> 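The structure under discussion is supplied below as structure tokens; questions concerning it will follow.
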Amino acid sequence: MKKKTITFIAGLMLLLLGVLVSNHFTANSTEAHSPKERQVVNEDPPASAQAELPLRDQIAKWIVEQGQRDEYYLEGLSYVEVQLDTDSELEIIAGIDGGVHLGQFFVFDSGADGEYKLIAEKDWKVEQLHPGMAKDVELKMIFETVDRTGGTGVDVYEAHLWYLDNGEFKEVWNGWLKGRNAMLAGSHSLLAGSYQVIEGWLYHWETVFKLADDDVTRTAPPQTTLKVFRFNGEVFEPVESTELAEADNKTVK
């Protein structure tokens, strides 16, 4: 009787031990696949690990945030990165093509904090964003941008000269390079212009051709005019004919 009791007690202890071992492995398995661990695995990566916006999208964002208008036709946005001043950072010129005579022109400069700031916004339709450099005038890098303007029957190409000064955009001169007027019958004309910058002086001439309504036949001899401008340290200002005559006399002497 005593032997049977001992055997029964031993069997009961083995059964309890088996239950405890089974519960231990079950608890470990449940903890390894708990909802808390799955949430960590499925978490979004931190902001620092996320990719930055493409530059074109970033420029569009800057235009919306810093621009003067409420709405922009951003589908027509393009840009170039260029060196416009003496620092090591590249500046950004952007343009929006909104139609034949419609568009905007933007210049962004990088500040000391590395953030880009909109320093110029013009209602210029620019077909060539990369600027042409006119001349170094009094240690200033002066660039050219040509915009296309006009309206019904009028088509004009206008040159703008500008430079950057300590993060500021400064336009120093503008003049027509081409102008076609076909607005009214009997008054069609074509203007052809150009300019030269020589040692701080700007010479701008325009030749006007009166045309028949076919925009080809000339109806009168062409007329040419010349205007002279002198750089005053900031902009090109017009020079009166008397000042020009005095300058010529000094040169001759």
Side-chain angles (χ1 to χ4, degrees), residues 47 51-150 156-177 195-197 200-202 204 229-238:
E52 295 182 358
L53 286 174
L55 183 54
R56 183 184 182 280
D57 294 340
Q58 185 63 70
I59 294 171
K61 185 172 180 288
W62 292 335
I63 290 173
V64 171
E65 292 174 347
Q66 304 178 39
Q68 302 170 0
R69 294 171 172 259
D70 295 328
E71 295 183 1
Y72 294 91
Y73 178 65
L74 296 174
E75 289 81 357
L77 176 65
S78 58
Y79 71 92
V80 293
E81 296 181 85
V82 292
Q83 183 62 262
L84 301 175
D85 52 24
T86 57
D87 62 29
S88 60
E89 300 295 331
L90 292 177
E91 285 69 46
I92 294 174
I93 296 178
I96 292 178
D97 185 349
V100 176
H101 296 130
L102 299 176
Q104 285 86 42
F105 173 85
F106 309 89
V107 178
F108 292 90
D109 189 24
S110 177
D113 56 0
E115 297 294 327
Y116 277 91
K117 178 183 177 183
L118 178 61
I119 61 173
E121 177 177 352
K122 304 289 185 179
D123 288 330
W124 298 347
K125 160 65 183 298
V126 176
E127 298 178 346
Q128 176 62 44
L129 284 179
H130 204 290
M133 187 172 68
K135 286 288 183 180
D136 293 346
V137 180
E138 296 187 10
L139 302 180
K140 298 186 188 317
M141 300 277 287
I142 296 182
F143 299 92
E144 177 200 69
T145 294
V146 178
D147 82 305
R148 186 176 182 181
T149 185
V156 175
Y157 287 84
E158 185 174 14
H160 302 267
L161 299 186
W162 53 272
Y163 65 93
L164 299 190
D165 183 20
N166 294 322
E168 293 186 16
F169 178 93
K170 294 189 176 183
E171 185 175 359
V172 297
W173 177 82
N174 63 283
W176 284 20
L177 301 180
Y195 71 92
Q196 284 288 334
V197 177
W201 293 77
L202 188 151
H204 177 231
F229 303 81
R230 182 173 53 195
F231 193 70
N232 64 7
E234 294 186 357
V235 299
F236 285 101
E237 58 181 6

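In what follows, residues are counted from 1 in the order of the sequence shown. Since the structure is predicted, the reported quantities are computational estimates derived from the model, not experimental observations.
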> Count the heavy atoms belonging to other residues, nucleotides or ligands that lie under 6.0 Å from CD of E234, then report whether that count exceeds 12.
no

> A quick test of your reading: do over 12 heavy atoms of other residues, nucleotides or ligands sit less than 6.0 Å from CG of D113?
yes

> What I'd like to find out is whether the side chain of D136 reaches to under 4.5 Å of the side chain of M141, using heavy atoms alone.
yes

> Taking the side chain as every heavy atom from C-beta outward, state whether Q66 and F106 have any pair of such atoms under 4.5 Å apart.
no

> Is K170 close to K140 at the side-chain level, that is, under 4.5 Å between some pair of heavy atoms?
no

> If every non-hydrogen atom of G98 is compared with every non-hydrogen atom of Y73, which pair is closest and at what distance?
CA-CD2, 4.3 Å

> Hey, what do you get for CG (D147) to NZ (K125), rounding to the nearest 0.5 Å?
10.0 Å

> Measure across W162 and E171 and return the closest heavy-atom pair with its distance rounded to 0.1 Å.
CB-CA, 3.9 Å

> What is the distance from atom CG of L161 to atom CG of L202, rounded to the nearest 0.5 Å?
6.5 Å

> How about E71: does its CD atom have over 12 heavy atoms from other parts shown lying under 6.0 Å from it?
no

> So, taking the atom named CG in D87 and the one named CG in D109, what distance separates them when rounded to the nearest 0.5 Å?
6.0 Å

> Run the side-chain donor-acceptor check on residues 54-61: report pairs under 3.5 Å with partners two or more places apart or on a different chain.
unit_1, atom_1, unit_2, atom_2, d
R56, NE, L77, O, 3.3
R56, NH2, L74, O, 3.0
R56, NH2, L77, O, 3.4
K61, NZ, E65, OE2, 2.7

> Are side-chain heavy atoms of I142 and V172 found at a separation under 4.5 Å?
yes

> For the residue pair A159 and Y195, what are the closest heavy atoms and their distance?
CB-CE2, 4.2 Å

> Considering residues, nucleotides and ligands other than W62, do more than 12 of their heavy atoms fall under 6.0 Å from its CH2?
yes

> Would you call Q104 and D123 a side-chain contact if the rule is heavy atoms closer than 4.5 Å?
yes

> Where is the tightest heavy-atom contact between Y163 and G233, given as atom of each residue plus distance?
OH-O, 4.0 Å

> Could you tell me if the side chain of W176 sits less than 4.5 Å from the side chain of T149, heavy atoms only?
no

> V197 vs F229, test: side chain to side chain contact (heavy atoms under 4.5 Å, CB included). Steps then yes/no.
CA-CA 9 Å; V197 177; F229 303 81; over 6 Å; no

> Once you measure the plane-to-plane angle for W173 and H204, does it fall in the parallel (<30°), tilted (30-60°) or perpendicular (>60°) bin?
perpendicular

> Can you find a heavy atom in the side chain of I93 that is under 4.5 Å from one in the side chain of T145?
no

> To the nearest 0.5 Å, what is the distance between OH on Y79 and CD1 on I92?
7.5 Å

> So does Q68 get a backbone contact from the side chain of E121, meaning a donor-acceptor N/O pair under 3.5 Å?
yes

> Starting at NE2 of H130, measure out to CZ of F143 and round the result to the nearest 0.5 Å.
9.0 Å

> Say whether, by atom type as modelled, one donor and one acceptor occur between the side chain of E81 and the main chain of L90 under 3.5 angstrom.
no

> I need the L129 CG to D97 CG distance, nearest 0.5 Å.
9.5 Å

> If you look at every heavy atom in F236 and G200, which pair is closest and at what distance?
CE2-O, 3.7 Å

> So, for W124 and F105, is the gap between ring centers shorter than 6.0 Å?
yes

> Taking all atoms of both residues into account, what is the closest heavy-atom pair of F169 and A120, and its distance?
CG-CB, 3.4 Å

